[in-house]
Amino acid sequence: MTGGTCSLLFQHNPRNGVLQATSGFGLDTLRTDPWLPAEGEAAVVAGVFERQGPTLVADAERQMPDLAARLDCRSALLLPLVRSSERIGLLAVGFATPPSGSTMLDGAAEAADAFLAALELLHLRQSDELQRDVRGLLEEFSASLSATLNLAAGLDIFCHGANRLFAADCTSVWIHDRRARHLVLQASSDTEGVARGTRVEAADATAPAAVAMRRTRAEIVSSAVDDVTAMVTVPLRGCRRALGTIVFEGVRVETGGELDLLDRADELGRQLSSAIENMQLLDDVVRARRELENTFDSISHLVAVSDTRGRIVHVNQAFAARVGRRRADLLDQPLADHIGPELAGWLEHHQTARTGKSGSLATTAEVVDPTLNGRFVVTVTDLLNHDREPVGSVIVARELTPQTQLEVEREELRKRLTQSEKLAALGQFVAGIAHELNNPLQGVLGHLELLRTTGAFPKHLRREVQTIYREADRAAKIVRNLLVFAGSRRLTLRSVSLNAVLQKVLALRASACRAADIEVVRHYDEQLPRVKSDPLLLHQVFLNMVMNAEHAIASTGRGGTIEVRTAVAPSGDRIVATVRDTGTGIPEDTLPRIFEPFYTTKEVGKGTGLGLAIAYGIVQEHGGQIIAGNHPDGGAIFTVELPKAPPPGR
């Protein structure tokens, strides 16, 4: 087509820009070393690719001496092989004498197109063969992973298959241990000559596996001992991190086949990287799930997770053992079928009260459950999804064994003692101030009373003097109340029926409760022993508690219930009275301060903050205790414990 005497086909290496001679015609010797054109020759080659057309170099011996030597010709016709802007190769045709005529150039263009089509067809066939070989190897690798879920066993099979595919002496896979910053020899085709588990530093510049891991593509590392074979290293890279390296040793590199070899290695590295990364992610998920399961089953309390329908989603081993069923048999079963009716009703009430509220809400109650066979402190918490929406409940039941119950009671006593010590110290402080204020106030009131009696002041000042007296008397009452809180008041003690005191208080507030749509429920112990107390002060204590209950219910904007109960304590030496409302309850941050003087949660002008402080002082003076808390079913509950009066005659 061109009339040349010989030809030489160069293939372009996109990795380093080198032209590699792959085949020739009419040559005595085919040099296979890479062609690295000198400065003048490089400029000519660059111009050929830029014009993308045949270029005749008439005086090749002067302009391109290296190419002329390879062709052993005086003139050369250069035909660029280009697909779009991508360099594929270069066809050089040698002439003994410079050719002439446009026919030669037309034939050259046709020859270039034919060579380009042949090369692309060859590449497609090689790519298809590569994909088929790699696919077969990876299918074998994947089958091993699916059967064993063991990465090491799968990599052993991979190494033997890759060894055959690359005709290597030995194939090894090194996996990056990110925490230890080591590369670990995970698998090798030479199971006898290579010690699995060998480690090298990830930053070791002398270890081929470590050096290759920092590269982006496969590389051929020439062997210093044997020029026939070489080492090929392939980096394994995931989406965001280095995974390791494949090392092929003793690979026989065919002349002109370097590009195909490296392409095959890169493709194998990409596919193996994807498989290893997926396996590592699966291993992380399985390990995290196993750790979660172990943690879940290590909890000695009974734990159950239910969905919004009340059906069991998950239980720990302690719960399954308590109900005598296998965990798999409990899944999707109604939780109410495996707990007592009281606990089931309480959980249903929690779910109803939770409807329409956002965020997580935890509620605790003490329950005796016949089905679970024990006394438990049960806590139910909302199970939230990623959008913080409730999708179920988590129930934790802590059994109150005698030791556990003793610890709970000890902790409760410790809290009460701490509060009592704080209030006692506050009482001493308040008593000192109240006594200091009481003396000048009594002097002021005495002189004002004398002025009022004698009338020794102008008549037009009578109203102002009356105002001064009224405000001074109010201040004196506050001081007297502070002295009651501090326990500095003499008590007139006598034997009193606590039921009678409560009845008088409720009768006094009956009309106010009816107006506010509040139902009063009484549970009196008719055999209740009497208490030794000051009836007027005791009346003041319970009147304050009932009025606080009324205000709490009124703040909800609807009616409610006040429940009053009396009973003998289990110890038999104390009388217990409770006042419970169905209001909003007491905030957790308010409970520790609720009995402090002048501390109130009411609006300005609606409370002085002395009511409960006075009640606390009165009960303490009677040798009893008053406790505030929240009821599990909602609302606040106040408990007063008083010592039982000794029998008559003692």
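Residue numbers count from 1 along this sequence.
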Pairwise side-chain contact, E399 with R322, heavy-atom cut-off 4.5 Å (strictly under): yes

S393 side chain reached by T381 side chain, heavy atoms, under 4.5 Å: no

Polar side-chain atom of K644 near backbone of G572 as donor-acceptor pair, under 3.5 Å: yes

Pairs where residues 312-333 contributes a residue and the test ring pair (Phe, Tyr, Trp, His ring centres under 6.0 Å) is met, not counting sequence neighbours: F296-H314

Note, V640 side chain near M545 side chain (heavy atom, < 4.5 Å): yes

Candidate pair H301 and N316, rule side chain to side chain contact (heavy atoms under 4.5 Å, CB included), full reasoning: CA-CA 9 Å; H301 307 318; N316 69 342; 5.9 Å; no

Main-chain N/O of D387 paired with N385 side-chain donor or acceptor, under 3.5 Å: yes

Contacts of type salt bridge (Lys or Arg N to Asp or Glu O under 4.0 Å), residue D525, not counting sequence neighbours: none

Pair T379, T364: side-chain N/O donor-acceptor within cut-off below 3.5 Å: yes

Non-hydrogen atoms of L243 and S273 that approach each other most closely: CD1-O, 3.4 Å

Side chain to side chain donor-acceptor pair (under 3.5 Å) contacts touching residues 554-564 (sequence neighbours left out): E563-R565

Test log, rule side chain to side chain contact (heavy atoms under 4.5 Å, CB included), inputs W346 and T363: CA-CA 10 Å; W346 180 71; T363 310; 3.7 Å; yes

Non-neighbouring partners of H182 that pass ring pair (Phe, Tyr, Trp, His ring centres under 6.0 Å), sequence neighbours left out: none

For residues 503-516, please give each side-chain donor-acceptor pair under 3.5 Å, one per line with the distance, not counting sequence neighbours.
from: Q503; atom 1: OE1; to: Y524; atom 2: OH; distance (Å): 3.2
from: R509; atom 1: NE; to: E550; atom 2: OE2; distance (Å): 3.0
from: R509; atom 1: NH2; to: E550; atom 2: OE1; distance (Å): 2.8

R309/D332 under salt bridge (charged side-chain N to carboxylate O under 4.0 Å, His left out): CA gap, chis, key distance, verdict: CA-CA 10 Å; R309 302 171 301 157; D332 206 36; 3.1 Å; yes

Under the side-chain hydrogen bond (donor to acceptor under 3.5 Å, both in side chains) test, residues paired with N294 that sit two or more places apart: none

F638 vs I586 side-chain heavy atoms within contact, under 4.5 Å: yes

Salt-bridge criterion met for D382 and R388 (N-O under 4.0 Å): no

Full working for side chain to side chain contact (heavy atoms under 4.5 Å, CB included) between V501 and V531: CA-CA 11 Å; V501 172; V531 295; over 6 Å; no

Closest heavy-atom pair and its distance - H176, A242: ND1-O, 3.3 Å

R530 side-chain N/O to S495 backbone N/O, donor-acceptor pair under 3.5 Å: yes

